[in-house]
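What you see is a predicted model, and the numbers here were worked out from it, not measured in a lab. Keep in mind that the numbers below use all heavy atoms, side chains included, and drop hydrogens, waters and symmetry copies. By convention here, the first residue in the shown sequence is residue 1.
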Amino acid sequence: MKIIDFHTHVGDIFHENRSITFKTNYKKGDYVDPFIPFEESGYNMPFFPESPEALQQLIDAGQYRVWECTMENFGRDMTENNIAYACLLPVLPNTSFEEYLAVSKLDDRFIPFTCANFDLDIPEMEQKLLSDIKKGAKALKVHPILQNISLENPKVEAAVDLFGKADLPIIFHVGIGQYYGPDTNYPQNPEFGDPQYFYDFAPRFKSYDLIAAHCCGWPEDFAKNTKGLDNVYTDTTFCNADLIKKGVELLGEDRVLFGTDYPFGNFKYSIEEVKKALADRPDAMEKVFYHNAAKLLKIKD
């Protein structure tokens, strides 16, 4: 069975000027990693812990994981888990389209997305995005929290409109989350990930393919707030089998995409949960694993 992971990253998406993507022989460090028991539980444990100390431990582990996420290590994991393609989602200013395009030139299993530079004026931003499309960008990534921008900002609308008119999909981070500890100088606006921003935004773009990442994690609320929007999709990142099954039931088998948020999600356990969720629906399983993404990305086999 072919698999497209619609939601991955390579390199350090959290820190500017810390490029590790093309390093080799990078080994896993020795640190406490709360992601591991979360993955091994089949994503059945609460993701964000309540105590500040445990939350900081999770944040630190996320930082360590991106420092180990080289192209070499990523490619090895893809091979071991039979991943046909992985969509690379850059997050400016820390990882760029140019970096991910270079990865795709070295290994054609990687599909490069791009990311808008919201520091530019709209005409300059649009010119850069058009250039990215000409060079091979297959979709647009918008991360309101890490890019420190609200979906209410006109620049987001301009970027989305440009990709929608080009008949290319747009994937948004959706969900409130914290990525840095209190002792950092990075702008932190976790509230920009509030799903309500997406629910208010999506109805204005009914003819564009919009992917709300992570929302299979709350399928009832997502289905209710995107009712009638057949152009809206979500992914299976950090979801157990029950959530995936419910998401497919409520949204339809054509609107759920396989995703891991690698390196934060694990290929092996993520694949197992989809297989458990859709064991009695093989056609739906194939759509979630491959065909839905292939259709959006215009991959023809």
Side-chain angles (χ1 to χ4, degrees), residues 5-21 23 26-74 76-78 86-96 99-100 113 115 141-148 171-194 213-217 235-240 259-270:
D5 191 334
F6 205 86
H7 189 156
T8 74
H9 312 276
V10 67
D12 189 345
I13 65 169
F14 294 134
H15 302 95
E16 195 172 1
N17 301 323
R18 189 182 176 116
S19 178
I20 55 91
T21 296
K23 291 186 180 296
Y26 228 65
K27 306 300 182 183
K28 182 174 174 61
D30 183 17
Y31 56 90
V32 177
D33 190 347
F35 286 93
I36 292 176
F38 178 56
E39 294 163 348
E40 291 178 341
S41 74
Y43 304 106
N44 280 294
M45 294 170 55
F47 184 56
F48 288 108
E50 294 183 1
S51 76
E53 295 79 14
L55 177 59
Q56 186 61 55
Q57 193 175 71
L58 180 70
I59 291 171
D60 290 343
Q63 309 282 331
Y64 289 131
R65 283 197 168 206
V66 298
W67 293 337
E68 298 164 355
C69 188
T70 63
M71 175 186 170
E72 180 181 68
N73 290 343
F74 193 151
R76 184 183 302 116
D77 282 352
M78 285 181 70
C87 300
L88 296 179
L89 283 54
V91 181
L92 286 172
N94 306 319
T95 53
S96 68
E99 182 178 342
Y100 284 7
F113 289 13
C115 189
K141 165 70 171 181
V142 179
H143 200 306
I145 300 176
L146 288 176
Q147 292 185 273
N148 194 34
I171 181 169
F172 303 79
H173 168 87
V174 179
I176 297 173
Q178 190 170 341
Y179 298 93
Y180 303 99
D183 58 343
T184 68
N185 294 320
Y186 285 86
Q188 300 195 60
N189 289 284
E191 67 276 7
F192 285 167
D194 190 320
H214 310 303
C215 292
C216 203
D235 64 27
T236 63
T237 49
F238 308 125
C239 286
N240 59 43
T260 61
D261 204 1
Y262 184 94
F264 311 106
N266 178 285
F267 291 135
K268 175 185 174 182
Y269 297 111
S270 299

Identify the two heavy atoms, one from [X] and one from [Y], that lie closest to each other, and give their separation to 0.1 Å.
{"X": "Thr70", "Y": "Lys23", "result": "CB-O, 3.6 Å"}
{"X": "Glu16", "Y": "Asn94", "result": "N-OD1, 2.8 Å"}
{"X": "Pro187", "Y": "Asn148", "result": "CB-ND2, 3.5 Å"}
{"X": "Asp12", "Y": "Thr95", "result": "O-CG2, 3.4 Å"}
{"X": "His9", "Y": "Asp261", "result": "NE2-OD1, 2.9 Å"}

Measuring centre to centre across the rings, with the benzene-like ring taken for any Trp, is Phe35 within less than 6.0 Å of Phe47?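 Ring centres of Phe47 and Phe35 closer than 6.0 Å.
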Trace of the side-chain contact (heavy atoms from CB on, under 4.5 Å) decision for Asp77 with Phe267: CA-CA 8 Å; Asp77 282 352; Phe267 291 135; 3.7 Å; yes
Show your working on side-chain contact (heavy atoms from CB on, under 4.5 Å) between Ser270 and Tyr262 and close with a plain yes or no. CA-CA 10 Å; Ser270 299; Tyr262 184 94; over 6 Å; no
Just so I know, are the side chains of [X] and [Y] near enough to count as touching, which here means a heavy-atom distance under 4.5 Å?
{"X": "His214", "Y": "Val174", "value": "no"}
{"X": "Val66", "Y": "Pro263", "value": "yes"}
{"X": "Met45", "Y": "Pro37", "value": "yes"}

Between [atom1] on residue [X] and [atom2] on residue [Y], distance to nearest 0.5 Å:
{"X": "Tyr26", "Y": "Ile20", "atom1": "OH", "atom2": "CD1", "answer": "6.5 Å"}
{"X": "Phe172", "Y": "Lys141", "atom1": "CZ", "atom2": "NZ", "answer": "10.0 Å"}
{"X": "Phe238", "Y": "Asn266", "atom1": "CZ", "atom2": "CG", "answer": "10.5 Å"}
{"X": "Asn189", "Y": "Gln147", "atom1": "CG", "atom2": "CD", "answer": "12.5 Å"}
{"X": "Cys87", "Y": "Asp5", "atom1": "SG", "atom2": "CG", "answer": "7.5 Å"}

Exercise answer: donor-acceptor pairs, residues 50-58 side-chain atoms, under 3.5 Å, sequence neighbours excluded:
unit_1	atom_1	unit_2	atom_2	d
Ser51	OG	Ala54	N	3.1
Gln56	NE2	Asp60	OD1	2.8

Which residues pass the side chain to side chain contact (heavy atoms under 4.5 Å, CB included) test with [X], sequence neighbours left out?
{"X": "Leu92", "value": "Ser96, Cys115, Asn117"}
{"X": "Tyr186", "value": "His15, Tyr180, Thr184"}
{"X": "Ala86", "value": "Thr8, Phe74, Met78, Phe110"}
{"X": "Pro190", "value": "Ile176, Gln188"}

Which residues pass the ring-ring contact (aromatic ring centres under 6.0 Å, His included) test with [X], sequence neighbours left out?
{"X": "Tyr100", "result": "none"}
{"X": "Phe264", "result": "Phe14"}
{"X": "Tyr43", "result": "Phe38"}
{"X": "Tyr64", "result": "Tyr31, Trp67"}

Ignoring hydrogens and geometry, is there a side-chain-to-backbone donor-acceptor pair from Thr236 to Cys239 under 3.5 Å?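 No: the side chain of Thr236 does not pair with the backbone of Cys239.
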Can you tell me if Asn73 uses its side chain to pair, donor with acceptor, with the backbone of Glu68 under 3.5 Å?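 At least one qualifying donor-acceptor pair exists.
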Holding to salt bridge (Lys or Arg N to Asp or Glu O under 4.0 Å), I want the full list of residues that pass it with Asp194, two or more places apart in sequence or in another chain.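 Salt bridge (Lys or Arg N to Asp or Glu O under 4.0 Å) check on Asp194 returns nothing, list empty.
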Suppose we screen for salt bridge (Lys or Arg N to Asp or Glu O under 4.0 Å). Which residues come up paired with Glu99, at least two apart in sequence or across chains?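 Testing Glu99 for salt bridge (Lys or Arg N to Asp or Glu O under 4.0 Å), a comparison that skips the adjacent residues, returns none.
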So Leu146 and His173, side-chain contact (heavy atoms from CB on, under 4.5 Å) or not? Walk me through it. CA-CA 9 Å; Leu146 288 176; His173 168 87; over 6 Å; no
Only pairs at least two apart or in different chains count here, so list each salt bridge (charged side-chain N to carboxylate O under 4.0 Å, His left out) that has a residue in residues 31-47.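 For residues 31-47: Lys28-Asp33, Asp33-Arg65, Glu39-Arg65.
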